[in-house]
K.L.:
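Structure provided below as structure tokens; questions to follow.
Sequence positions, counted from 1, serve as the residue numbers for this chain. Atoms within each ligand, like the ligands themselves, are counted from 1 in listed order. Note that the structure is a prediction, hence the values are computed from the model and not measured.
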Amino acid sequence: MKEEILKKSIDPTVHDMLAVAEAAHLETAWDRYQKQLPQCGFGETGVCCRNCSMGPCRIDLFGDGPTKGVCGATADIIVARNLLRMIAAGAAAHSDHGRDIAHTLVLTAKGKGGGYEIKDVAKLHRLAAEYGIPTEGRTKEEIALDLGKAAYAEFGNQEGPIRFTRRAPAKRVALWEKLNIDPRGIDREIVECLHRTHIGVDNDAVNLILHGLRTSLGDGWGGSMIATELSDVLFGTPKPIWSEANMGVLDEKMVNILVHGHEPTLSEMIVAASQDPELVALAKSKGAEGIKLVGTCCTGNEVLMRHGIPPAGNFLQQELLIMTGAVEAVIVDVQCIMPALGPLAGCFHTKFISTSYKAKFPGATHIEFHEEHAFETAKQIVRTAIEAFPNRMKDKVHIPKEKSALMAGFSVEAIVGALGGTLDPLLEAIKSGAIQGIVAVVGCNNPKIQHDYGHINLVKELIKHNILVVNTGCNAIACAKAGLLLPEAAEMAGDGLKAVCKALGIPPVLHMGSCVDISRILVACAAIANALGVDISDLPVAGAAPEWMSEKAVSIGAYVVASGIYTVLGIAPPVLGSMSVVELLTAGAEGVVGGKFAVEPDPFKAAALIVDHVAAKRRALGI
Ligand code: NFS
């Protein structure tokens, strides 16, 4: 295998497919990244401003060029404004997802759900109690209607507080209130980001970034948490489940359908449609043995968590999956879907099907999905995939064989269940030191870092140091492919963590879901902090995003830090053009919110930073 190919990923399926791509002259994100080099230094350091038409302006950090934009904006102002816009976009993406789920819950409660039903009634009751919605003598639909409307209203709230923010320890809420960063409404804070970054409004880097934290809290404890909680009510709260991961899950004899994107509303129905006897019979009539549904990105995680649908790869594998020549359809909704997929699918028999009015793509077949007709549309989409099967070009089919078994489904409820009904055994393990701490490793892939190298090495180092890892998103898929989501992976852990995992029969790395499900991790942190009578910032916990790339990841990083958690990034955000913003994010923030960022691309060094941080928090707690 060529050296350049090996350098791109640690995953053998990727090596295999990159060789196929090269031979067929097919382009990938890695090729396009190479063509972008050297990337624009102004953009990279965050000192390019396009917010008005006196610009574009840029700051010359090293020469004797301009130090201010036409309006007088300095590097500090421009960097902070740009960062705020990234947070706004990320928070908007997560929150719009949450809004769609609330909408689906309302439609379902009204009997207009097109095939959805309320699956977790116990959770519905718990959430209703939190919102002060009466449950006595009422049907689940009546309760769900009130809950859906109440959650829906959080988006347009003007005064706050956002209900779920009150799950945080009282000390944390008091701190947010004191700093004036307690979010008032989910949309309101996002809109205010856009207002503040308009020419001539907020020109104070600290003030801008504090508002970024407020906006991001409205994501983590608002939009994302609503997405997670209401998805559980509608589709069921995940429980431990077995599956397998990586490109080897594709089956040459089957109609292979890839679901990609983020919202579970569509994919839930695709799961149902793919099991529909009439459609299975149709697939057989076309010469296939059946229908094989696989996932990628966070839609992949949603259907893995609830149905055990195998993830076929993470973010950087989306193009490679089409290149196997064995995928009949890629069905997408929103987010993390490369526009490159349409033209690429055109080189194969693959149908690239877009479904959201919000997300159209070149080269896509658009079959618009509306919740009211969910199941019918899902069947139409699956039928379209099946019809493509006879067009498969046999000589182009190449499926890498590697795949790994995995165990996923660790919602907070499932973790408490695995612990025997209370958090106590976990708290005891933390106090005794068997488990030193808990670290969330999350986020994307990025061609700037060898694919999966950051994810896998960081996670392995942490478990070796008796740190329990919880994960979501594309990190979870990376770990699944590497066999780290198996109870046997406890053999790679330190003695303390190994013993705990063996006693409970759980992996040392717990897959908690999609990226909006990082809200599950916040809930777990809040519950542990409340049980110990401390703030989240006192806990031996940390966050990490070794290969992040999306604006959603920026919003996540911001709310994790604003929740009091130390967070290590593998890639620097575009802020290096302002030393005062860098100082605030990597040092000053700790004195304000109890959490801060660090940037460390080397996963071994990142692990060392986290291990030290966890040890320091343990000392401070006296454990
Ligand atoms: Ni998260 Fe999920 Fe993956 Fe990154 Fe994209 S899928 S929402 S943004 S690339 S982890």
Side-chain angles (χ1 to χ4, degrees), residues 9 11 14 29 33 86-87 89-98 100-101 216 219-220 223-225 227-228 231 245 258-264 266-267 294-305 309 311-321 330-341 356 359 408 440-449 451-452 454-456 458-459 470-481 511-521 543-560 567 569-571 573:
S9 176
D11 180 338
V14 173
Y33 171 65
M86 291 184 87
I87 292 173
H94 283 147
S95 299
D96 216 30
H97 170 165
D100 282 351
I101 304 292
S216 71
D219 169 359
S224 280
M225 208 170 276
T228 297
S231 290
L258 174 67
V259 284
H260 177 12
H262 281 77
E263 296 182 1
L266 165 72
S267 51
V294 302
T296 189
C297 286
C298 281
T299 281
N301 285 320
E302 296 279 359
V303 290
L304 166 64
M305 292 288 281
I309 302 296
N314 51 6
F315 175 74
L316 273 176
Q317 284 169 284
Q318 56 185 284
E319 293 175 288
L320 308 182
L321 284 161
V330 181
I331 303 166
V332 304
D333 52 21
V334 290
Q335 302 170 21
C336 302
I337 303 145
M338 291 187 193
L341 296 189
S356 168
V441 189
V442 305
C444 328
N445 300 134
N446 187 323
K448 290 180 176 175
I449 286 193
H451 170 244
D452 288 353
H455 286 310
I456 298 308
L458 176 58
V459 169
V470 291
N471 62 4
T472 63
C474 288
N475 173 276
I477 301 176
C479 288
K481 294 185 295 172
H511 186 345
M512 295 189 74
S514 63
C515 291
V516 293
D517 293 337
I518 292 171
S519 64
R520 298 190 198 278
I521 301 174
E547 304 180 24
W548 75 275
M549 61 83 198
S550 75
E551 290 167 312
K552 291 179 287 180
V554 180
S555 178
I556 293 167
Y559 73 64
V560 170
T567 299
L569 305 175
I571 289 156

K.L.:
Starting from atom 3 (Fe) of ligand 1, which protein heavy atom do you reach first, and at what distance in Å?
P.N.:
Cys474 SG, 2.3 Å

K.L.:
Tell me the closest heavy-atom pair linking Met549 and Cys336, and the distance in Å.
P.N.:
CE-SG, 4.3 Å

K.L.:
With a cut-off of 4.0 Å, which atoms of ligand 1 are near a heavy atom of Ser550?
P.N.:
8 (S)

K.L.:
Of His97, His262, His94, which is the lone residue that meets side-chain hydrogen bond (donor to acceptor under 3.5 Å, both in side chains) with Lys552?
P.N.:
His262

K.L.:
Please could you name the atoms of ligand 1 that Lys552 approaches to less than 4.0 Å, counting only its heavy atoms?
P.N.:
7 (S), 8 (S)

K.L.:
Answer with yes or no whether the side chains of Glu302 and Ser514 bring together a donor and an acceptor at under 3.5 Å.
P.N.:
yes

K.L.:
Please assess Leu341 against Glu319 for the test side-chain contact (heavy atoms from CB on, under 4.5 Å), listing each intermediate value before the final yes or no.
P.N.:
CA-CA 6 Å; Leu341 296 189; Glu319 293 175 288; 3.8 Å; yes

K.L.:
Can you tell me how far the CG atom of Asn475 sits from the NE2 atom of His455, to the nearest 0.5 Å?
P.N.:
5.0 Å

K.L.:
Distance under 4.0 Å to a non-hydrogen atom of Phe315: what atoms of ligand 1 satisfy this?
P.N.:
9 (S)

K.L.:
What protein heavy atom lies closest to atom 4 (Fe) of ligand 1? Include the residue and the distance to one decimal.
P.N.:
Cys444 SG, 2.4 Å

K.L.:
Are any of the heavy atoms in Gly443 under 4.0 Å away from ligand 1?
P.N.:
yes

K.L.:
Write out the residue and atom name of the closest protein heavy atom to atom 7 (S) of ligand 1, then the distance separating them to 0.1 Å.
P.N.:
His262 NE2, 2.8 Å

K.L.:
I'd like to know if atom 5 (Fe) of ligand 1 has an N/O/S atom from Cys515 within less than 2.8 Å of it, counting both backbone and side-chain atoms.
P.N.:
no

K.L.:
Do the side-chain N and O atoms of Asp219 and Ser224 include a donor-acceptor pair separated by under 3.5 angstrom?
P.N.:
yes

K.L.:
Would you say Val14 and Leu316 make side-chain contact, with heavy atoms under 4.5 Å?
P.N.:
no

K.L.:
Considering the options Ile477, Val294, Val303, which one meets the side-chain contact (heavy atoms from CB on, under 4.5 Å) requirement together with Pro311?
P.N.:
Ile477

K.L.:
Are any N, O or S atoms from Cys297 nearer to atom 2 (Fe) of ligand 1 than 2.8 Å?
P.N.:
no

K.L.:
Return the closest protein heavy atom for atom 5 (Fe) of ligand 1 as residue, atom name and distance.
P.N.:
Cys336 SG, 2.3 Å

K.L.:
Could you tell me which atoms of ligand 1, counted from 1 in the order shown, lie closer than 4.0 angstrom to a heavy atom of Cys298?
P.N.:
2 (Fe), 6 (S), 7 (S)

K.L.:
Between ligand 1 and Met549, can you find any atom pair, the residue atom being a heavy atom, that is separated by under 4.0 Å?
P.N.:
yes

